[in-house]
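Notes for the one structure printed next.
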Amino acid sequence: MCGIVGYIGNNDSKEILLRGLEKLEYRGYDSAGIAIMNDNGVHVFKEKGRIADLRSIVDQSVQAHTGIGHTRWATHGVPSQLNAHPHQSASSRFTLVHNGVIENYDLLKREYLQGVTLKSDTDTEVIVQIIELFMNDGLTVKEAFRKTLSLLKGSYALALLDEEDNETIYVAKNKSPLLVGLGDDFNVVASDAMAMLQVTNQFVELMDKEIVIVKKDEVTIETLSGDVMTRAPFTAELDASDIEKGTYPHYMLKEIDEQPLVIRRIVQKYQNEQGALTIDPEIINAMNETDRIYIIAAGTSYHAGLVGKQFIEKIANVPVEVHISSEFGYNIPLLSENPLFIFISQSGETADSRAVLVEIKEMGYKALTITNVPGSTLSREADYTLLLHAGPEIAVASTKAYTAQLAVLAILAEVTGKSRGIDLDFDLVHELGIAANAIEVLCDSKEEIEAIAREYLATTRNAFFIGRGIDFYVGLEGALKLKEISYIQAEGFAGGELKHGTIALIENGTPVIALATQESVNLSIRGNVKEVAARGANPCIISMKGLEMEEDRFVIPEVHSLLTPLISVIPMQLIAYYAALHRECDVDKPRNLAKSVTVE
Ligand code: F6R
C-alpha cells in the first residue's frame, strides 16, 4: 500500500525520490507525488497513475537537496491528482506525506478545521492543516507536530517539510512501517529499505509514536514526551539484484522460478551442523506447552495456514485452528485454556493480522510470527519469529512466499513432533529436496502449462478449482492466484460440496481444474469431475505421478503425499500467470491490489 520516501543531503533529491518510489511500486498504488524544497520554497509535483506519469511532470530544472515522496493507494477519496500526496497546509508552509488511516479524521476536522477550506478528501490533509493551526497558535513546529500526533487515532507513517527550514524532515509513525536510512552527509526516510538501497544499506528502526528529526548529518529520535532515544542502525541484508527483474519479463515469473532455490535455502537455514532440522528451543517449548494453536493470516498466507494445520496436526499431534485475520478480531471463538497464536504473513505488516496480534497480546497470550521480512511489525511485536528466507517478493501475487511458508511450517511440525517423541516415517530434509527438484521440473514445463492456460482460460468468464482435503486448499490458492491477476472470476471448492449448490454454476464449457494428488481421495475427486463433465464443464485434471489416469491433462512429479501442496501449487501459479498474459493484464501490479496491506 502507500509508500513513503524522503531524502536530505547534498545531492539533488528528485531522482533519488523518483527511483525510491519506483522501488515501492510493487506495494500497489494509484497516484504518486514528490515535494522538493530549496531556498525558493517547496515545489510539489503529483499525478494520478504511474510513477512514469509523475516523472513526466516533474520540472527537471528545479534543484533541491531536500524532499519527500509518496505512492498513494486510495482509502479516503478517489484516486486523483487532488487527493494524491503530498498535501499542504493552508499557507503552503507545511507539506506532508502519510501512510495509514486516521480513524478520527472527521472528528478532528469538525473540531479544529471549521474555518479551513480543505482541498482534498483525504485524512492526510486534516493532519497538515492542524499542524499549521497549532503553529499559528504560537507553538514551535516540533511542538505543533507533537501535539497533532497526540490527537491522531489510527495508523500513520508521516514525513513533514517546513518551508522555513530546508534543513529538516520531521518524521513519525504509529502502526505503519517507516525506517530512517543513514548515509555520509545525507539521510533518508523509507517505508521499506528496498526503496533506499540505491544510497544506503544502514537503517534505523523507528518505534510507534516517536518523533524523529532528520537532518543531513544527524538523526534525533525522541519519544512523545521528549526523551531522546539512541538506537544502533542495522544492515539491510538485501542485495540490489534481489529486487531487480533481471532478464525476466515479470517479477512473478522470476519469483515462481526461484522456488526450488528458496526451499533449499530454508532447509539449509534450519539445519544444524549435524544436518538435523532445528528451531529455537523457546519456540518448541511454546509449541509443547500449548493445548491448541490458532493460525491467523490473510489471503495466500491463510491458504498456507490451512495446509500448515495438516502438517502440525499430522506430524506433531497438536490441534490447530486456522482463522482469517480480518474475521477473527471481531469474532473471537471460545479459546482453549492455553492457546498459542501463529501469525503467517509474507510482509509482516498486514494490518488485519496486526490488529489480532495486539488484541491477543493484551489478553496475555504468546505469539509466533512466520514472516519473510525481518524487523517487520508482526515480527517485532510477537514473542518469536521464524523467517521464510525467500528473498524480497515484489510481484503482488504471492508465490515463493507461499511455498516458503509451507516449508517452514513443515519444519516447525517436524521439530515439534520430534521433541514430543514422535518420529516421522520419512526424512523431511530428503523429501523437501525431492520437492525442490520436482518444482524445478515443473518450472521447466512452462510451455505445456501455458498451453493449458491458453486452452481453458484465454476467453472464459469464470473458472472453478476443485479438490479434496489438502488438494482443496491448493485449489483455493489456485483460484485466488487466477482471480487476482487475470480478473477471471475463479473459485475453489471442495469436490464433495459441488452437489450441495455450486454445481448449479456449471455451464457448457466452464473450465474446472481438478487436483488429484491424494491416493485416499483419487477416485472420489474423479467422480466429481464426471459430475461436472456430465453438465457440460470442460475439466482439466492435474494429478500426481503414480495416481495418473488416461484423461489427465497434466501430471506433476511424485513427492511425499503430505508435501504435495508445495508442488501442485506450481501449475496453479503458472496457469494464472499465463492466463493473465493472454488477457493482457498487468501481471505484477493487478488493479485495485496492494502488496503490503497496511489498512484494516
Ligand atoms: C495474494 C496475496 C495476498 C496476501 C495477503 C496477506 O497473492 O499476496 O492474498 O497473501 O494480503 O499478506 P501477508 O502475507 O503479507 O500478510
Side-chain angles (χ1 to χ4, degrees), residues 1 26-28 73 175-177 191-192 194 250-253 255-256 259 295-308 322-329 341-357 367-382 385-388 390-406 408-409 465 473-474 476-488 490 492 569-570 572-577 579-580 585-600:
M1 280 188 165
Y26 78 97
R27 297 163 71 93
W73 189 84
K175 298 190 204 168
S176 294
S191 299
D192 185 325
M194 260 188 240
H250 299 100
Y251 280 108
M252 184 178 175
L253 197 60
E255 289 160 8
I256 289 173
Q259 290 175 103
I295 292 181
I296 309 289
T300 289
S301 297
Y302 169 72
H303 296 155
L306 293 172
V307 178
V322 191
H323 292 269
I324 294 173
S325 47
S326 58
E327 283 294 306
F328 190 89
F341 285 82
I342 299 184
F343 290 84
I344 306 179
S345 174
Q346 187 285 128
S347 62
E349 300 295 346
T350 299
D352 289 327
S353 300
R354 201 232 177 195
V356 178
L357 175 58
L368 158 68
T369 290
I370 299 181
T371 182
N372 200 25
V373 184
S376 56
T377 306
L378 286 171
S379 165
R380 274 191 283 108
E381 295 182 357
T385 295
L386 289 176
L387 289 177
L388 298 176
E393 190 178 68
I394 312 266
V396 164
S398 186
T399 53
K400 63 177 177 171
Y402 172 83
T403 42
Q405 286 162 348
L406 298 192
V408 170
L409 284 160
F465 291 72
Y473 302 146
V474 178
L476 291 176
E477 176 57 10
L480 176 60
K481 283 294 84 88
L482 186 64
K483 72 181 106 179
E484 68 181 324
I485 62 169
S486 74
Y487 317 140
I488 295 170
V569 78
I570 310 299
M572 305 290 103
Q573 297 168 346
L574 285 167
I575 284 173
Y577 173 78
C585 300
D586 187 345
V587 173
D588 283 339
K589 291 181 235 111
R591 71 183 179 206
N592 304 341
L593 291 176
K595 182 70 182 163
S596 190
V597 186
T598 50
V599 295
E600 278 175 56

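Being a predicted model, the structure only gives us computed values, none of them experimental. By convention here, the first residue in the shown sequence is residue 1. Atoms within a ligand are numbered from 1 in the order they appear, just like the ligands themselves.
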Which heavy atom of the protein is the closest neighbour of atom 11 (O) of ligand 1, given with residue, atom name and distance?
-> V597 CG2, 3.9 Å
Can you sort out which atoms of ligand 1 are near K481, meaning under 4.0 Å from one of its heavy atoms?
-> 1 (C), 7 (O)
So the atoms of ligand 1 within less than 4.0 Å of a heavy atom of A397 turn out to be 7 (O)
Got the closest protein heavy atom to atom 3 (C) of ligand 1, with its distance?
-> T300 N, 4.0 Å
For V396, the atoms of ligand 1 under 4.0 Å from one of its heavy atoms are 7 (O), 8 (O)
Determine, stepwise, if the pair Q573 / T399 fulfils side chain to side chain donor-acceptor pair (under 3.5 Å).
-> CA-CA 7 Å; Q573 297 168 346; T399 53; 4.9 Å; no
Do any N/O atoms on Q405 end up under 3.5 angstrom from N/O atoms on ligand 1?
-> no
Here the pair of heavy atoms bringing P590 nearest to V396 is CD-CB, 3.6 Å
Do you know the tightest heavy-atom contact between S325 and D352?
-> OG-CB, 3.5 Å
Atom indices of ligand 1, in the order listed, that fall short of 4.0 Å to a heavy atom of S398 = 7 (O), 8 (O)
Closest non-hydrogen protein atom to atom 16 (O) of ligand 1, residue and atom name please, with distance?
-> T350 OG1, 2.4 Å
Interfacing atoms of ligand 1 (cut-off 4.0 Å, heavy-atom, E484) | 1 (C), 7 (O)
Considering the options F465, Y577, Y402, which one meets the side-chain contact (heavy atoms from CB on, under 4.5 Å) requirement together with M572?
-> F465
Please walk me through it: do Q346 and S301 pass side chain to side chain donor-acceptor pair (under 3.5 Å)?
-> CA-CA 7 Å; Q346 187 285 128; S301 297; over 6 Å; no
Which residue and non-hydrogen atom of the protein lie closest to atom 15 (O) of ligand 1, and at what distance in Å?
-> S347 OG, 2.6 Å
Exam field: side chain S347 to backbone E349, donor-acceptor pair closer than 3.5 Å = yes
Taking C-beta and beyond as the side chain, do H303 and V307 meet within less than 4.5 Å on heavy atoms?
-> no
Nearest heavy atom to atom 6 (C) of ligand 1: which of A298, G299, A395, S325 does it belong to?
-> A298
Checking T369 side chain against L378 main chain: does a donor-acceptor pair fall under 3.5 Å?
-> yes
